[in-house]
Participant: 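Below are the structure tokens for one structure; questions will follow.
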Amino acid sequence: MTPKKILFANVPADGHFNPLTTLAIHLLEQGHDVRWYTGKDYSDRIKKMGIRFYPCIKALDFTQENINELFPERNAIRSQVAKLKYDMKHVFILRSTEYFEDIKDIQRSFDFDLMIADVAFTAIPFVRHKLQKPVIAIGVFPLTESSVDLAPNGLGMTPLNTFAGRLKQRVLRYFTDAFIFRESKQLVDSLYRKYDMKALNENLFSLLCKEATLLLQSGTPGFEYYRSDLGKNIRFIGPLLPAKKQVQPLSFADKLKHFKHVVLVTQGTVEKDPAKIIVPTLEAFKNDPSVLVIATTGGSKTQELRQQYSQPNFIIEDFIPFDAVMPHTDVYVTNGGYGGVMLGIKNQIPMVVAGVHEGKNEICARVGYFNLGVNLKTETPAPKQVYNAVLEALYNPIYQQSVDRLQNEFNQYKPLELTDQYILEALQLENKQAVPKKYALFELEAA
């Protein structure tokens, strides 16, 4: 491929940034001029990759650390639906044109050929249609495209295939579009009209799927619900995992040999309250010396937890390299972050998942639906729930068999090679679309 100028962009959160790093390094090594636009919090990480960094200037520069400080009212929202509606407006939609104005300024000095962004990056439609640039979106969480075969995205519902079930899903789609997503759709349409773009009465995250020239979905069809109306611009590329760091030996490697089972527990880097998942897991196994529990806190209250839980079968650290510890893990307890779940499958580990907000319910629902583990359907499980779920994941063979089967499917995909191929396809498709007007503004069709 002739070297291209490629601009990466992402919503400033680790789950949106990390999966793109391996791809960016690969393209840089292929000789492309790769640059990156996102929040200032990622400046050092991007520069260490040898990539030029463009910060948010006109766009609100929030991070996963300060989001509740910038939006203090968000922290008081308890309803899952209310928080979803709030985030769609303040975290995503209102940032879209701010991102776009920054990218317009970047284009003046860096006239990029292609933009690659996480699928939640809301400037995608503006860059594609106003700057007439091909945009590849990377699916860093389960597909959010609406489908006649599924319930509305965001409710964490698994497919219902009976006549009554399909009717229920249809009613729910109508209800959520008419009421829950009504305000956000109107806001998106008003921004489109402001920029002389044809407005659509469409769910935001479904719209972003359709608006990308191509959507490259991290994962494989075996971890996604069947859709008879799957978008023509969607391609599965296998698990796109963060760039690997040099694996350091585990300081507690010898300890791993002295326990019957090893349980790894984490609740990600965003959730700072260890009482949600880590504490219930420690409580569950504090009297079971046969199980070694390895807890990674993300730097939240680590020392307090060590003092409270000093049992010899507990290891509590700020951070633990997953590439080093997962090969020794029998069950993975997690809040359901997409990257962590991909790693769990890659390492053939049955899971116990407990997550609801920030789209975790959709990920956890798939873990349960495909028998990759036990979905506790809560963010605050009781110790007994965790204990019973871990035993179920350990001793019911269906979970190990399902994870092994999906891991074998993962191995059939080569994400970086596929992305090289799809970059060429995206450039060809956009060039074909640039001249005729017979193509619908929000559809992708090969000429």
Side-chain angles (χ1 to χ4, degrees), residues 5-21 23-25 27-28 33-75 86-131 133 135-138 140-141 184 187-188 190-192 194-195 197 204-205 207-208 211-212 242-243 269-270 339 358-359:
K5 296 178 180 179
I6 301 175
L7 180 66
F8 275 71
N10 68 278
V11 174
D14 284 359
H16 299 251
F17 171 79
N18 289 335
L20 275 61
T21 54
L23 179 56
I25 291 171
L27 292 172
L28 188 68
D33 186 350
V34 178
R35 306 188 187 186
W36 204 312
Y37 165 75
T38 189
K40 296 181 181 71
D41 197 47
Y42 294 89
S43 172
D44 289 344
R45 278 175 273 185
I46 290 168
K47 290 175 181 177
K48 284 179 182 177
M49 290 187 280
I51 295 173
R52 179 168 175 177
F53 168 71
Y54 295 107
C56 293
I57 302 295
K58 296 175 181 175
L60 179 68
D61 193 2
F62 69 90
T63 71
Q64 59 196 32
E65 304 293 336
N66 70 8
I67 188 169
N68 286 328
E69 295 175 18
L70 291 175
F71 305 112
E73 61 275 17
R74 180 181 185 273
N75 210 28
Y86 184 91
D87 285 350
M88 287 180 72
K89 178 179 180 180
H90 296 278
V91 178
F92 294 102
I93 298 173
L94 292 178
R95 309 284 74 85
S96 62
T97 52
E98 297 173 354
Y99 293 146
F100 177 59
E101 292 300 326
D102 276 343
I103 290 172
K104 279 203 304 183
D105 290 342
I106 291 169
Q107 189 203 13
R108 293 188 178 98
S109 60
F110 180 60
D111 190 17
F112 54 92
D113 301 301
L114 171 80
M115 185 173 83
I116 298 177
D118 79 89
V119 71
F121 187 70
T122 45
I124 286 172
F126 301 93
V127 171
R128 184 179 175 208
H129 296 302
K130 300 305 294 182
L131 299 185
K133 302 289 187 181
V135 180
I136 288 181
I138 305 296
V140 295
F141 40 65
S184 65
L187 180 56
V188 169
S190 70
L191 292 176
Y192 273 41
K194 180 180 177 181
Y195 280 80
M197 292 165 58
L204 172 66
F205 293 117
L207 177 66
L208 291 172
E211 285 284 53
T269 55
V270 177
E358 291 86 36

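Scope of the values below: all heavy atoms of this structure, side chains included, with no hydrogens, waters or symmetry mates. Note that the structure is a prediction, hence the values are computed from the model and not measured.
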Participant: When you check the side-chain N and O atoms of Y37 and D102, is any donor under 3.5 Å from an acceptor?
Facilitator: yes
Participant: Quick one: closest heavy-atom pair of S96 and A123, and the distance?
Facilitator: O-CB, 3.6 Å
Participant: Salt-bridge test for E101 and K130: reply yes if a basic N is under 4.0 Å from a carboxylate O, no otherwise.
Facilitator: no
Participant: If you measure from CD1 on I124 to NE2 on H129, what distance do you get to the nearest 0.5 Å?
Facilitator: 10.5 Å
Participant: Step through it carefully: locate the ring centre of F121, locate the ring centre of Y99, and say whether they are under 6.0 Å apart.
Facilitator: yes
Participant: Test side chain to side chain contact (heavy atoms under 4.5 Å, CB included) on D44 and F53 and set out the steps.
Facilitator: CA-CA 9 Å; D44 289 344; F53 168 71; over 6 Å; no
Participant: Give a yes or no on whether a salt bridge exists between D105 and R108, defined as a side-chain N under 4.0 angstrom from a carboxylate O.
Facilitator: yes
Participant: Look at D61 together with K40 and state whether they make a salt bridge at an N to O cut-off of under 4.0 Å.
Facilitator: yes
Participant: Which pair of heavy atoms, one from I51 and one from A24, lies closest together, and at what distance?
Facilitator: CD1-CB, 3.8 Å
Participant: Applying side chain to side chain contact (heavy atoms under 4.5 Å, CB included), run through I6 and R35 and close with a yes or a no.
Facilitator: CA-CA 6 Å; I6 301 175; R35 306 188 187 186; over 6 Å; no
Participant: Rounded to the nearest 0.5 Å, what's the gap from CG on L94 to CG on L191? Could you check?
Facilitator: 7.0 Å
Participant: Could you measure the distance from the CE atom of M88 to the CG atom of L187? Nearest 0.5 Å is fine.
Facilitator: 9.5 Å
Participant: Would you mind checking if R45 and D14 are paired as a salt bridge, meaning a charged N to carboxylate O distance below 4.0 Å?
Facilitator: yes
Participant: Hey, what do you get for CG (L7) to CZ (R52), rounding to the nearest 0.5 Å?
Facilitator: 11.0 Å
Participant: Could you check whether any side-chain heavy atom of T21 comes within less than 4.5 Å of a side-chain heavy atom of W36, counting everything from C-beta outward?
Facilitator: yes
Participant: Going by atom types only, do T63 and N66 share a side-chain donor-acceptor pair under 3.5 Å?
Facilitator: yes
Participant: Should the ring pair F71 and H90 be called parallel, tilted or perpendicular, given that the plane angle runs from 0 to 90° and is split at 30 and 60?
Facilitator: tilted
Participant: List the atom of A59, the atom of C56, and the distance in Å for their closest heavy-atom pair.
Facilitator: O-CB, 3.6 Å
Participant: What I want to find out is whether D87 reaches R74 closely enough, with some N-O distance under 4.0 Å, to be called a salt bridge.
Facilitator: yes
Participant: To the nearest 0.5 Å, what is the distance between CZ (F17) and CG (D41)?
Facilitator: 9.5 Å
Participant: Which pair of non-hydrogen atoms, one from R95 and one from L60, has the smallest distance, and what is that distance?
Facilitator: NE-CB, 3.6 Å
Participant: Centroid-to-centroid, F126 to Y192, below 6.0 Å?
Facilitator: yes
Participant: Consider side chain to side chain contact (heavy atoms under 4.5 Å, CB included). Of V127, L114, D113, which one does K133 pass it with?
Facilitator: V127
Participant: Working to the nearest 0.5 Å, report the span between OH of Y54 and OG of S109.
Facilitator: 4.5 Å
Participant: How are the rings of F205 and F92 set to each other: parallel, tilted or perpendicular (split at 30° and 60°)?
Facilitator: perpendicular
Participant: Any idea which heavy atoms bring L208 and P125 closest together, and the distance?
Facilitator: CD2-CD, 3.8 Å
Participant: Given N10, which of T38, N18, D118 fulfils the side-chain hydrogen bond (donor to acceptor under 3.5 Å, both in side chains) condition?
Facilitator: T38
Participant: Please evaluate residues L23 and I116 with respect to the criterion side chain to side chain contact (heavy atoms under 4.5 Å, CB included), reporting the C-alpha separation (whole Å), side-chain torsions for both, the decisive distance (0.1 Å), and the verdict.
Facilitator: CA-CA 10 Å; L23 179 56; I116 298 177; 4.2 Å; yes
Participant: Would you say the side chain of E73 lies within less than 4.5 Å of the side chain of Y86, judging by non-hydrogen atoms?
Facilitator: yes
Participant: Report the C-alpha distance between F112 and I103 in whole Å, list the side-chain angles of each, state the deciding distance to 0.1 Å, and finish with yes or no for side chain to side chain contact (heavy atoms under 4.5 Å, CB included).
Facilitator: CA-CA 10 Å; F112 54 92; I103 290 172; 3.8 Å; yes
Participant: Can you name the nearest heavy-atom pair linking F141 to A120, along with the distance?
Facilitator: CZ-CB, 3.9 Å
Participant: Quick one: are P55 and I57 in side-chain contact, heavy atoms under 4.5 Å?
Facilitator: yes
